[in-house]
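Comments concern the structure below.
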There are 2 protein chains.
Amino acid sequence: MSTKYTRGSFQLMKSINRSVILNMIRSKGPISRADIAKQTNLTPPTVSNIVKELLDSQFVVETTQGSSQGGRKPTYLEINANQFFIMGIDVGRYHIKFVITNLYGELVEQLMLDIQAQPEANDLIEKMKEGIYQIMQKGGRNKDKYLGIGVAMHGIVDVNTGVSLFAPSFQTHNIPIQEELAKEFSMMVHVENDAKAMTLGEWWLGNGNDEDNIVGINVGHGIGAGIMIRGELFQGANFIAGEIGHMTIDLSGPKCSCGNYGCLQTLAAGPAIAQRAIKELKAGNTSMITDIVQGDLERVNGEIVFEAATRGDEFSQELLKQTGRYLGIGLTNLIHTINPNRIIIGGGVSHAGEFILDSLQETIQARIITDAAKETEIVPSQLGDNASAIGACVLILQNFFHGGKQVSQ
Amino acid sequence: MSTKYTRGSFQLMKSINRSVILNMIRSKGPISRADIAKQTNLTPPTVSNIVKELLDSQFVVETTQGSSQGGRKPTYLEINANQFFIMGIDVGRYHIKFVITNLYGELVEQLMLDIQAQPEANDLIEKMKEGIYQIMQKGGRNKDKYLGIGVAMHGIVDVNTGVSLFAPSFQTHNIPIQEELAKEFSMMVHVENDAKAMTLGEWWLGNGNDEDNIVGINVGHGIGAGIMIRGELFQGANFIAGEIGHMTIDLSGPKCSCGNYGCLQTLAAGPAIAQRAIKELKAGNTSMITDIVQGDLERVNGEIVFEAATRGDEFSQELLKQTGRYLGIGLTNLIHTINPNRIIIGGGVSHAGEFILDSLQETIQARIITDAAKETEIVPSQLGDNASAIGACVLILQNFFHGGKQVSQ
DNA sequence: ATAAAAATTTTAAAACTCATTTTTAAATAC
DNA sequence: GTATTTAAAAATGAGTTTTAAAATTTTTAT
């Protein structure tokens, strides 16, 4: 991999400005040409020229006229959000979720299909195609209205080729998702890890900006993180950046599926919560959980513990508090390494809400080494269960809006 | 901190190209104009124009003529390396090191001054000024030959303002190093954390390129890391990115100065090695160390353990092996979070060489979750004890050579 | 009505890169 | 030794896009 020289050229100059203007309209719109010029330091003619092209391509529309500040009324520009659409797919352990969003990333259509346990690669691809055809039909929009398909997939993904390198839940290797879908639907396809897609989605639709370093944590069956640096998801050398589920925090902790002891996910992921609950219940602790599962401890899982906690079960609440403490230790390690502005907690565990978040916050406050870093915001996901699917759409949106940044083609 | 829009402009276009050409000459030189044009995809006139400016400013010189491939001889261009110089300062616990390098980062002058224990901020600044005057006099070069002063300082540094926010070894706060030195010497001053400076130095003078993600680890009194992402040191929101010394890896480990238990540096830094040695010797173990310190266990430190290990002391060798294992666990966590291409081990511990590195490698190989990531290179520092000081020079060099990238001024 | 002020548009100039040609210089073939 | 070929570097003019300034449009204030 040799250095790619990005030379300065007129195309580069223009694509940067196009990007800047498009993003200004997206994030600050409705906005007038004059305001764009002021805020970007571009000159009025430059803005006018590029806006003309954006109007021609239908990505932007002139909407209302604003009120005058003592002169000609400004003509407001807005993203023509409902003229183009994006397909997002979130491949989960038991189902695949399909969504369609507009250019603002707003949900306009959704669909869920079940998948069999431990599917083969081929079945997965076929299921994805099936769902795409179904949801497209449901929406009734012409195919050329779609800018592309984004796919969020758990496990390790080569984002350059769009191949799912390894998916632990399915035990599959090297599924060429991008190639297969691009061939079938002939549009742009991007594939990304689910935690990373979630993070991108939260960043894009929250108030993330290019300066922010945010980290998104997906706590479910495992624990994964997405790291945004200077407006881009950070991949690392082998696409495993963010695999914090296997961060060792307790050398004498429980054994993990990876073979090591005391990985974060053996202490704080969904199955870990269930395991601890079962163990303590067998040891004679009493809890509402026993009633909920009607005595069958095999049925205990994270969601059931959350439910009991919400209904006031003290045993479950204490269990979740402990989980929050473990997670807090993992996040403190992360803050000492990455030092993000904000950490977003998503995935199944976010249903446990305050029980986990409060003790997590306390733990971080107690352990972090500098006062400044104590200000790190810890917030729950805004997009909830749709975060990864919408984030998958943002893969395409980002490419569209920040296309000018892709200077090294 | 709001988004900074970098607009496309003629200056940007040209400064990018200037940068590209300058770096091409630096990394591939001696090189002809024609070759630059070929490799950068710039056209010959563009290259010629910019090269003319670089020749005028004396940063580049025409050197020998190459041999012809059946036509006019190419005129080779090279960086005019010994026409301009950079000052680098490494502020250690007990001494300050001053170096001067040329434009290639090659050492041309060095000097060491002792500092008193726990100095005041003012004394430190005065000592730095004193050393700069001394080494400048030693070199006998005109002041305008210096492009700037780079400072590597342990602890937490605000690189934007050049303020040492906190230096644990001195217990000082908010020393305005950049301001003071810029006032005294009226030239560009950059300040950076020592582990980060070390990493930058290794990246620049090794074979780092823009695509590489490398991490440098400085293991001495504490443990710090520098993270390079896309050719820049990663700072995080509060400049504490890379503070991996306080990464918890063993919940039931020894107490750390920060108040937590089982921080990486309580297990793998210099003082930790010494502590473990003392404890085990008191418990009755026998070792060459006892002879070296002539029975005075107070005198045991990391360096002495290294010495004993090198001389064949099995007790010390085993101790270092154990240290390597702890460090390996910390680095595995880092790989699962950052996933760099290469990790460079520097600082005092690099004197312990193979004893630590071998068991460190083994530990990582055993614990990492994907085969691809097992390929992560772990290498010792090339620049050794000068790494931070030379890295400090690279702060200025990088600004000079990649100046075109500083588009948001 | 008239003046002032703000939002666009128009126009011309400037800053570059880009494609092509020309000049220079050396190597090789005859 | 001369002509031919090849390649490097410089020169020329065209093309793209920003930039600066002026003109136009539209509205509010006097």
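Chain letters run A, B, ... following the sequence lines, proteins first, then strands; residues in each count from 1.
- Not less than 6.0 angstrom separates the ring centroid of Phe84(A) from the ring centroid of Tyr146(A).
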### Task
Decide yes or no on salt bridge (charged side-chain N to carboxylate O under 4.0 Å, His left out) for Arg342(A) and Glu202(A), but give the supporting numbers first.
CA-CA 11 Å; Arg342(A) 192 183 318 143; Glu202(A) 294 284 346; over 6 Å; no

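- Against DNA chain D, the stretch residues 43-50 of chain B makes heavy-atom approaches under 4.0 Å through Pro45(B), Ser48(B).
- dT17(D) atom P lies 17 Å from atom CZ of Arg7(B), rounded to whole Å.
- If you check every strand for non-hydrogen atoms under 4.0 Å, Asn17(A) touches sugar and phosphate atoms only.
- With hydrogens and angles disregarded, no donor-acceptor distance shorter than 3.5 Å links the side chain of Asn80(B) to the backbone of Val61(B).
- The aromatic rings of Phe10(A) and Phe10(B) sit perpendicular, their planes meeting at an angle over 60°, well past the 30° parallel limit.
- At dA8(D), none of the side-chain N or O atoms of Thr75(B) fall inside 4.0 Å of OP1 or OP2 (strictly under the cut-off).
- Note that Arg26(A) lies outside the cation-pi zone of Tyr104(A), set by a 6.0 Å cut-off to the ring centre and a 45° limit from the axis.
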### Query
Are Ile36(A) and Ser32(A) close enough, and set up right, to give a side-chain contact (heavy atoms from CB on, under 4.5 Å), and what steps lead you there?
CA-CA 6 Å; Ile36(A) 294 174; Ser32(A) 69; over 6 Å; no

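- What separates CG of Leu55(B) from P of dA9(D) is a distance of 11 Å, to the nearest Å.
- Comparing dC16(C), dT19(D), dA7(C) against the side chain of Lys38(A) picks out dA7(C) as the nearest.
- Among the nucleotides dC16(C), dC18(C), dA8(D), the one closest to any side-chain atom of Phe10(A) is dC16(C).
- Of all nucleotides listed (dA15(C), dA8(D), dT18(D)), dT18(D) comes nearest to the side chain of Lys14(A).
- Distance, Gln11(B) CD to dT17(C) P: 12 Å, rounded to whole Å.
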### Evaluation steps, side-chain contact (heavy atoms from CB on, under 4.5 Å), between Ile229(B) and Ile229(A)
CA-CA 9 Å; Ile229(B) 294 178; Ile229(A) 294 177; 3.3 Å; yes

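- Per the geometry, CG belonging to Asp35(B) stands 11 Å off C1' belonging to dA7(D), to the nearest Å.
- Across the protein-nucleic acid pair, Leu42(B) atom CG and dA19(C) atom C1' stand 14 Å apart, rounded to whole Å.
- Remark: P of dA8(D) and CD1 of Ile36(B) are 12 Å apart, rounded to the nearest angstrom.
- Look at CG on Leu12(A): it is 12 Å from P on dT17(C), rounded to the nearest Å.
- OP1 and OP2 of dT25(D) both lie 4.0 Å or more from every side-chain N or O belonging to Lys73(A).
- When rounded to the nearest whole Å, the span between CG of Asn41(B) and C1' of dT17(C) equals 13 Å.
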